[in-house]
Structure formats: C-alpha cells, structure tokens
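Small disclaimer: the values here were computed from a predicted structure and weren't measured.
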Amino acid sequence: VSDKTGTITTGELNLVNMFVDNKTGSFQDLVEDQTGMNDKILLRALSCSQVQPHSQTGKLLKNDIAEERILQFLFDKLPDNKLVRNDDLVKIKHLGEFRRVMHRPFDYLLGVKISVLEKDNGLMLHIQGTPESINTYCGNKLTNLLQQIQKTPAPNNVYRRVIAHANKFITPNELQQLNTNPKDVLHTMRHCTVYVFHDYVVDGVESAIKKINKNYDFTLLTGDKQSSAIEIGKTVGITTGNMQIFDLVSPIVTCDCAIVSGSLIDTLDYDRFKHLINISKRRIIYRASPHTKQKYVNMLQALNNGDVMMI
C-alpha cells in the first residue's frame, strides 16, 4: 500500500499558472502576465490559507505546500505586503484588516474548504478546492478554461494538480446557513482563481511498481479526484490491463486494476471488502480522506493477518 504524495510523487508542487477572471469574462494568467497583480488577488489566496509565518524570521511555514507556493509567489510580486495574522486576523497593507469569522477544513462531500471574512460589518465567503466543485458553484464558468488546461501537454514525468478559488458577499443569515445547509449558499460564486501546479514522479517508481506487481497486490491511496488518480496510475504503470471504475452504485466485477471511490470504501463491511480485494491485484482508492485510508489499511491487515507493507 502506498500513499501518493511523497512516495509516488515528490510533492514539490511548482506553481506554473495562476488564472484570474477579469471584467471581460476571460481569464488572465498572472504567472505569464503580471499586469493584473493586486492586493485583492492576495486576499483571495490568504482567505482560506492556514499557512503561518515564522515568529522570528517571517518566512512561511510549509504546513501546506500548495498554499505556501501560492503565497510566496504573490509576496514576491507584491513586496509591500507581508503575512500578518493574529489568531483569525488577516491584514493587507492597502485593503486593511479582515477578521475570519468561519473556517471549515476541506470537506470531501462539498469538494471545498470554506472561509468567511468580515470587514466593516460586511461578510465575504471564500471557497477553495477542486476545480470541478468550484466550477459547479460558479455556474460552469470554468468549463472552457479547465478543458484548455487538460488539453495542454505536460512532460512525461509531470503530474498536474489544479486548485480553484471563488468568493462572493453573503448576508448574516447565509453565514448561519453555512453551518447547517452549506449547499444552499454555495451557488453563484464569483471572482474565480485557478492555480495549476506541476508535481514530479519520483525517479524509479515505475520500475519498482512493476517488480512489486509480479508478486504482491498493490494499492495506491490518494485524496485526489478520479481523473487525476487515473492519470498518475497510468504514469507509473498501475492501470495496465483491464481497468474498472467502481463507486457507490457500480457492481464490483473482476478486473486487473480497480479504481475505487473513497466513499465506497467507507460503506464496505468486511465481506464486501474481501470481495473487492479478491477481484483485483491492483487498486487505486481516490477521494480517500484520512479516515478512509485508515479504515482501508485496518481492514486489509485484518484480511491478511496483519501482513501489509506501507511504502
């Protein structure tokens, strides 16, 4: 069993594109053309971030490498600003102080994490997460851009990761709804930003997995979406042969490689889990939360009398 980041891929996450929407309805790549760079772009990036500065040096602590890469890029281009945070206070030089009144970590069902900033009694909702989820909450505003990104060739050893952000003003009543029925508020989002990163496959992984597959079952666990999980599986040779995709409503049939949703793993009892293991030698578990990964490993250990190797 292997987790993707740090084992299959290096986890370096170099920011290669940052698309922001403009008043004409098109998107501008700020990595290539920085004429649209301003403090509002920085506010979007800071809104959902949990990255903190070192108390003495001021350098960004890398508790989330993607967010650290975004913020470092923006701070380099907007040198008048620095990250100022006291509890949930965010301060940007030309925009003032914002108090974060809500922060919800990434929700695998919603596909986003949520933050609400308050300034002068006004509330702004910020969401950040998978591009597919953001696209849905923005009324499919990102469809053409995401298709363009997908069609752009990437080097053979590159795994592409995409994160998106959107925001809008909300009322106090909508703030309360976010605690009970967030989907009632997550619509007609505006001001989209799309971040494109390149991660890199670890040298020698493909040949190592090929050797493992000769004698052992192999599972890749990842929190990524289905298409990204399949992409990395193809890159390192996991998805060779007959590949089948399983979710909550799919019948589980014999195959060489099973692509399984984390939500399906969450529902499986021991007997159904045993059936899944028996019908395939290679598996990719996508959209796997930390809880899902733990459950998968625990059930696999129970099935194999504890004989499970993590690499």
Side-chain angles (χ1 to χ4, degrees), residues 1-15 48-51 62-70 103-115 127-137 146 149-150 154 158-165 182 186 194-202 205 209 218-236 238-239 243 245-248 250 257-268 273 276 282-300 308 310-311:
V1 179
S2 176
D3 203 2
K4 175 182 70 65
T5 303
T7 304
I8 304 298
T9 61
T10 63
E12 293 180 14
L13 292 183
N14 289 327
L15 179 65
C48 294
S49 173
Q50 290 294 93
V51 173
K62 300 179 181 180
N63 60 330
D64 186 305
I65 189 65
E67 292 181 353
E68 185 270 336
R69 290 284 192 262
I70 294 167
H103 178 77
R104 290 179 56 174
F106 186 82
D107 185 310
Y108 281 81
L109 294 179
L110 297 174
V112 296
K113 56 181 176 179
I114 296 172
S115 182
I127 58 174
Q128 181 175 297
T130 68
E132 293 80 10
S133 297
I134 300 292
N135 193 33
T136 298
Y137 301 139
L146 296 179
I149 293 171
Q150 188 65 34
V158 164
Y159 166 71
R160 185 159 44 204
R161 181 180 175 189
V162 182
I163 300 173
H165 174 278
L186 298 180
V194 176
Y195 309 101
V196 182
F197 301 89
H198 280 178
D199 199 357
Y200 303 91
V201 175
V202 174
V205 163
I209 289 177
F218 182 81
T219 301
L220 174 63
L221 300 171
T222 177
D224 287 346
K225 62 182 179 179
Q226 181 192 106
S227 59
S228 297
I230 293 174
E231 180 182 342
I232 191 65
K234 289 179 179 178
T235 302
V236 299
I238 300 173
T239 55
M243 180 183 73
I245 298 174
F246 305 117
D247 54 28
L248 289 173
S250 304
C257 180
I259 312 298
V260 186
S261 66
S263 56
L264 175 59
I265 296 297
D266 289 339
T267 68
L268 296 183
F273 180 83
L276 172 66
R282 300 187 303 278
R283 294 158 226 102
I284 297 178
I285 314 301
Y286 67 92
R287 278 285 174 259
S289 68
H291 169 78
T292 302
K293 294 177 182 180
Q294 185 65 58
K295 176 182 177 180
Y296 184 90
V297 172
N298 289 345
M299 294 186 75
L300 200 59
V308 176
M310 292 292 296
I311 59 172

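Between Met299 and Ile265 there is no side-chain heavy-atom pair separated by less than 4.5 Å. Residues Ile127 and Tyr137 meet the side-chain proximity criterion, which asks for heavy atoms closer than 4.5 Å. Taking 4.5 Å as the limit, every side-chain heavy atom of Phe246 sits out of range of all side-chain heavy atoms of Ser261. For the pair Tyr286/Ile230, no side-chain contact is recorded, criterion being any heavy-atom separation below 4.5 Å from C-beta on. Residues Cys257 and Phe218 form no side-chain contact, since every pair of their non-hydrogen atoms from C-beta on lies 4.5 Å or further apart. For the pair Ile232 and Thr222, the minimum side-chain heavy-atom distance is 4.5 Å or more. Between Ser289 and Phe106 there is no side-chain heavy-atom pair separated by less than 4.5 Å. Counting heavy atoms from C-beta on, the side chains of Val194 and Val162 come closer than 4.5 Å.
Between Thr9 and Val202, the closest heavy-atom pair is C-CG2, 3.7 Å. For Thr235 against Glu231, the heavy-atom pair with the smallest separation is OG1-O, 2.9 Å. The heavy-atom pair separating Arg160 from Ala154 by the smallest distance is NH1-CB, 4.1 Å. Of all heavy-atom pairs spanning Arg283 and Leu276, the tightest one is NE-O, 4.1 Å. Here the shortest heavy-atom pairing between Lys293 and Ala288 reads CE-O, 3.5 Å. Nearest approach of Pro182 to Leu110, heavy atoms of both residues: CG-CD1, 3.9 Å.
With no hydrogens or angles considered, a side-chain donor-acceptor pair links Tyr296 and Thr219 at under 3.5 Å.
Under a 3.5 Å cut-off, the side chain of Asp107 and the backbone N or O of Val112 do not form any donor-acceptor pair. In this structure, Lys234 contributes its side chain and Thr239 its backbone to no donor-acceptor pair below 3.5 Å. Panel note: side chain Arg161, backbone Ala66; no donor-acceptor pair is recorded below 3.5 Å. Using modelled atom types, no side-chain atom of Asn135 and backbone atom of Pro131 make a donor-acceptor pair closer than 3.5 Å. Using a distance-only test at 3.5 Å, with no hydrogens or angles considered, a donor-acceptor pair links the side chain of Arg69 to the main chain of Leu13. With Arg104 contributing its side chain and Lys113 its backbone, the two residues share no donor-acceptor pair below 3.5 Å.
Results of the side chain to side chain contact (heavy atoms under 4.5 Å, CB included) test with Phe197 over Asn14, Val158, Ile163 single out Ile163 as the only residue that passes.
Atom NE2 of His198 is separated from atom CG of Leu15 by 10.0 Å, given to the nearest 0.5 angstrom. Note that CD1 of Ile245 is 9.5 Å distant from OG of Ser227, once rounded to the nearest 0.5 Å. Distance check, rounded to the nearest 0.5 Å: CD1 of Ile70 to OG of Ser49 gives 8.0 Å. Expressed to the nearest 0.5 Å, how far CD1 of Ile65 lies from CD of Glu12 amounts to 9.0 Å. With rounding to the nearest 0.5 Å, the separation of SG in Cys48 from CD in Glu67 is 7.5 Å. A distance of 6.5 Å separates CG in Leu221 from CD1 in Ile285, rounded to the nearest 0.5 Å.
Counting heavy atoms of neighbouring residues, nucleotides and ligands inside a 6.0 Å radius, atom CD of Gln150 does not exceed 12 of them.
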